[in-house]
Amino acid sequence: MTKQIEKTYSPQIEGAIYKRWLEKRYFHVEPDASRRPYTIMMPPANITGKLHVGHALTFAIQDILIRFKRMQGYNTLWLPGTDHASISTEVKIADAMKEEGLTKRDIGREAFLERAWKWRGEYGGIIVQQLKLLGVSCDWDRERFTMDEGLSNAVYETFIHLYNKGWIYRAERLINWCPKCQTTISDAEVEHEEMDGSLYYFKYPVEGGGFIEFATTRPETILGDTAVAVNPDDERFRNVVGKTAVIPNIGRRIPIIMDVYVDKAFGTGAVKITPAHDPNDYEVGSRHSLPIINVMNDDGTMNAAAGPYAGQTREKCRENIISDFKRRGLYIKTETIRHAVGTHERCDSVVEPLIKMQWFVKMADLAKPALDVYNSGKLKIVPARAGKVYAHWLENIRDWCISRQLWWGHRIPAYYCEACGEIFVGAQAPEICVCGGARFKQDEDVLDTWFSSALWPFSTLGWPEKTRELDYFYPSDVLVTGYDILFFWVIRMVFSGLEMIGEIPFHDVLFHGIVRDALGRKMSKSLNNGVDPLRVIEDFGADALRLMLVTGNSLDNDTRFYCERLETSRNFLNKLWNAARFVLMNLDADEPGAGSGPSAGSGPSAEPDVMDKWIISRANRVSRDVTQRIDSYDMGMAAQMAYDFVWDEFCDWYVEMVKPRLYDKGDPTRPAALRTLKGTLIVCLKLLHPFVPFITEEIFAALQDKEETIMYSAWPAYSEACDYPEEEQMVERLKSAIKGIRAVRLDMSAPPSQKISVVLVSPDNAVRGFFTSVQRTFAVLAGARETFIQADKTGVNGNAVPVVIDGATVYLPLDELADREKEKERLNREKKKLSAEVERARRKLANEGFVKKAPPQIIAEERAKLEKYRKMLADVEEQIGSGYNYLHAPNNK
RNA sequence: GGGAGUUUAGCUCAGUUGGGAGAGCGCUUGCCUUACAAGCAAGAUGUCAUAGGUUCGAGCCCUAUAAUUCCCACCA
């Protein structure tokens, strides 16, 4: 006997279900050559992170795919994990230390790392626990951390490999320096922000008389100037080129040179050149062999080379320079200018270009194969426009600065001989140097956090060991992520996978939008407009949250977070819950056996009737459509279709239609009704399970005699045998008749308790036969006391209200209730509508071009429509014109 | 400076290869009909941003324009 479920839906069930799934180890998989794998690598969550709604969206999408494929019989691995998040974690720990009055330098590297590991142990698992509340079905037994031993080996192996190939090198280059975080950052980590700034005009005295005027946005870098450049074609400067200008205050003599880089139209046409602090100037400087003078310390203050300005912050120095130039009469003017300023995306401080010795990955050779797999279609990127961004980035890629002046992360596996300075790259320092020295010092820097995440798709499977997992699960099927980490992560995984494994890390990349607040703003700490998913889950449940996030939006667009939408989802779940309750109640009231059987309407003892066939047919088609939608990553539409089917067709129509059969214990079609009811509910549950895993599991369990999980039940497959187009058409007639009658009743304010008589007149035998077979249902849903089904109008009161449907007219003898005027209006509205339809179809078919050029199927459909509407129109006109005399009817209202 | 989105009902958004404009919320009206008032039933609401073009036929394809959002970029 089936179990009963609680009276109202409550998301409190979720915790226990997840616990059961974990206990049963339903998420865990092993390589199995007899089954096809389906693999998703979960983007590792930062250990510093807290669950936000963005996570909820991205993990909901991944879980939908995983659960869908699992039910389709794939051996599905969804591998979770966390990222050490080098810089964020380090900053966080340093901040915590500040409260104790300690700095990193105070305690030293080793003690700091000790704290970091301790911190990771204490807080690193929080986000994982929060993730579980979402219902994610990932294989927790395979959870990985980017600084696990195995994953670290992968990092060193890769570094050494690339170094030996000459693709990792150490060089002194102009890099992006974050003065606040005190480390280099990669180009990708610099955010260019357009803002209003000042363009200052100054002049340098020229030796031999005169001045040269120039403009700059960064006066403090004057101290590092080693030339002034003008365009070779610029006539205005002909007489000063080759002469020497003098920087006041510090008295440095610098040449006036020519370089095509200079834009004649900008500023004064002359540019001060600071090779140590500007990428362009660096280029110019190397072309002209100019000295490079670094005037800044790592913390953004001026260094000794700044002479009298040494020790000042860059901001203070700027002010002082301006006032000094003013005092000397060398200041001309200040203009406001809109220009891009580079800031560090993590801390927002202005990035300082500096020359430093750093480690780089040479990108040219790595980028090419990554571009090839995209161009050849081997790597599919959804949506397609993201692919263009991918290609554009790779085509214009520059070398990747991978060293960071931090402690938390993978330390660069390079060792320097203390005697001669020779570099050795390897897992350990060598025994002895070529110079005979035996003391080595490891490089102080760690690697960019993305260097290790770039290896995630295979390092998590055991590489560089040759494992069964790597062999079986790699490459993964799809990578799902927000478009914001395309450059940071996705591209780097692709070229890393291609280089180290020789195969792309995933076949598809699916980018989705971000979750915004109700006003469409990005959620951010500064606006304090973030939505806490944990609160939402507490109030509405993970199912409601997940459903809300994926429904009603196309994936690639951003979505707004509305509480009302959450309620809509919650209401739907309650609807589903109560539909299930209804089914369970009826199954329970049934004698054993009749309602059992998992599939819809396939039992010999319970042949489905026409209504059953209708819902079976609909369920069948919807299953096919939902499957197609998920397969094409159209989760929103898939969810919407399942939602509509459950609510509109199953609950509002089928369940209502089937009630009279259920309430009559003697009805011979009752077993079929029960069977179909249960079977269709199960199809609904299965279609919904990827989206709302908890509630579907709970109901599914209640429907089963034995313990079974919906997770591993078979996904509904489309079957032609379950297609019943004729039954569908008939039931559509039934629905139109009922809707028409209801409309009339409402017009007349006839309460549901007031039963009426209904006469259905149709010359069509099949239509009459159908209505006869569903007579009782028809009567109940139409609120009829009795129904007469006949071929002509015999006995129909002249004052009866007609409702015209396709193939029949229904008469409601409502004399005493009828509001004649209202009915007249209604019929005329009908007439107008039908006339428009007829006219539209007629004009279309009268169009020579249409008949000549349109596909035959479209023309045939159009003809059928014309025919149908013409008939209905004629019926309506007949009612208006002849048999129905409104004007002389009594009006008792 | 380059590129990509978006513009559809009062609000938020769907609308797969071009073939009769949709949903949720909100609104109007009537219902506690023994699964569900987190519900049921019936309704109203759109120059599909603008202007051209292609086509028998355009919300969908092409061109231009406007508004708006985002990404990329070394003009001081």
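Chain identifiers are assigned alphabetically (A, B, ...) following the order of the sequence lines, protein sequences preceding nucleic acid strands; residue numbering begins at 1 within each chain.
Residue contacts for V583(A): at a heavy-atom cut-off of 4.0 Å it reaches no nucleic acid atom on any strand shown. In this structure, E283(A) reaches neither bases nor backbone, as no heavy-atom distance under 4.0 Å exists between it and the strands shown. Using a 4.0 Å heavy-atom distance criterion, Y261(A) is classed as a base contact. The residue V271(A) sits close to a base: some heavy atom pair falls under 4.0 Å. Contact annotation for D263(A): base contact, defined as any heavy-atom pair under 4.0 Å involving a base atom. Residue contacts for R560(A): at a heavy-atom cut-off of 4.0 Å it reaches the sugar-phosphate backbone alone, with no base atom in range. Among the protein residues, Y562(A) comes within range of the sugar-phosphate backbone only, with heavy atoms under 4.0 Å from sugar or phosphate atoms but none that close to a base. Using a 4.0 Å heavy-atom distance criterion, F540(A) is classed as making no nucleic acid contact. Within the 4.0 angstrom heavy-atom criterion, base atoms lie near P855(A). Here V780(A) lies out of heavy-atom contact (under 4.0 Å) with every strand.
OP1 or OP2 of rA14(B) sits under 4.0 Å from a side-chain N or O of S554(A). Applying the 4.0 Å criterion to OP1 and OP2 of rA35(B), one finds that K659(A) has a side-chain N or O inside that range. Residue Y663(A) places at least one side-chain N or O under 4.0 Å from the OP1 or OP2 atom of rA35(B). Side-chain N/O atoms of N396(A) include none lying less than 4.0 angstrom from OP1 or OP2 on rA73(B).
By the 30° and 60° cut-offs, the orientation of the rings of Y643(A) relative to F572(A) is parallel. Y204(A) and F214(A) have tilted rings, their planes meeting at an angle from 30° to 60° on a 0 to 90° scale.
For the 3.5 Å distance criterion, the side chains of N176(A) and D187(A) qualify, holding a donor opposite an acceptor. S554(A) and D556(A) form a side-chain donor-acceptor contact under 3.5 Å, judged by distance and modelled atom types alone.
If you take CD of E194(A) and C1' of rG2(B), they are 12 Å apart, rounded to a whole angstrom. To the nearest angstrom, C1' of rC36(B) lies 14 Å from CG of L584(A). The CD1 atom of I514(A) sits 14 Å away from the P atom of rU69(B) (whole-angstrom rounding). As rounded to whole Å, 14 Å separates atom C1' of rC25(B) from atom CG of N553(A).
Mapped onto RNA chain B by nearest heavy atom, A270(A) and T559(A) fall at different nucleotides, with T559(A) at the one closer to the 5' end. Comparing A579(A) and D281(A), the nucleotide of RNA chain B nearest to each residue sits closer to the 5' end for A579(A).
When the C1' atom is used for both rC11(B) and rG26(B), the distance is 8 Å, rounded to whole Å.
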Dump the pairs, protein N or O against N or O of nucleotides 39-44 of chain B, anything under 3.5 Å, distances to one decimal.
unit_1, atom_1, unit_2, atom_2, d
rG39(B), OP1, N571(A), ND2, 3.2
rG39(B), O3', K575(A), NZ, 3.0
rC40(B), OP1, K575(A), NZ, 2.8
rC40(B), OP1, W647(A), NE1, 2.6
rC40(B), OP1, D652(A), OD1, 3.2
rA41(B), O3', R742(A), NH1, 3.4

Please list, for nucleotides 4-9 of chain B, all pairs of protein and nucleotide N/O atoms separated by less than 3.5 Å.
none

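For rU16(B), the base has a donor-acceptor partner in the side chain of R629(A) [N/O atoms by modelled type, under 3.5 angstrom].
The closest donor-acceptor contact from the side chain of D558(A) to the backbone of I514(A) lies under 3.5 Å.
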### Task
Both distances under 3.5 Å, Watson-Crick or G-U wobble: on that basis, could you give the dot-bracket string for RNA chain B, with [ ] for crossing pairs and | for other-strand partners?
(((((((..((((.....[..)))).(((((.......))))).....(((((..]....))))))))))))....

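At a threshold of 4.0 Å, the pair E194(A)-R338(A) counts as salt-bridged, since one of the basic side-chain nitrogens sits closer than that to a carboxylate oxygen. The pair R287(A)-D259(A) counts as a salt bridge, with a side-chain nitrogen and a carboxylate oxygen less than 4.0 angstrom apart. Under a 4.0 Å N-O distance rule, the pair R621(A)/E649(A) does not qualify as a salt bridge.
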### Message
Does T676(A) form a side chain to side chain donor-acceptor pair (under 3.5 Å) with K678(A)? I'd like the steps, not just the answer.
### Response
CA-CA 5 Å; T676(A) 309; K678(A) 181 178 174 185; over 6 Å; no

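Nearest heavy-atom pair across L573(A) and A544(A) is CD1-N, 3.6 Å.
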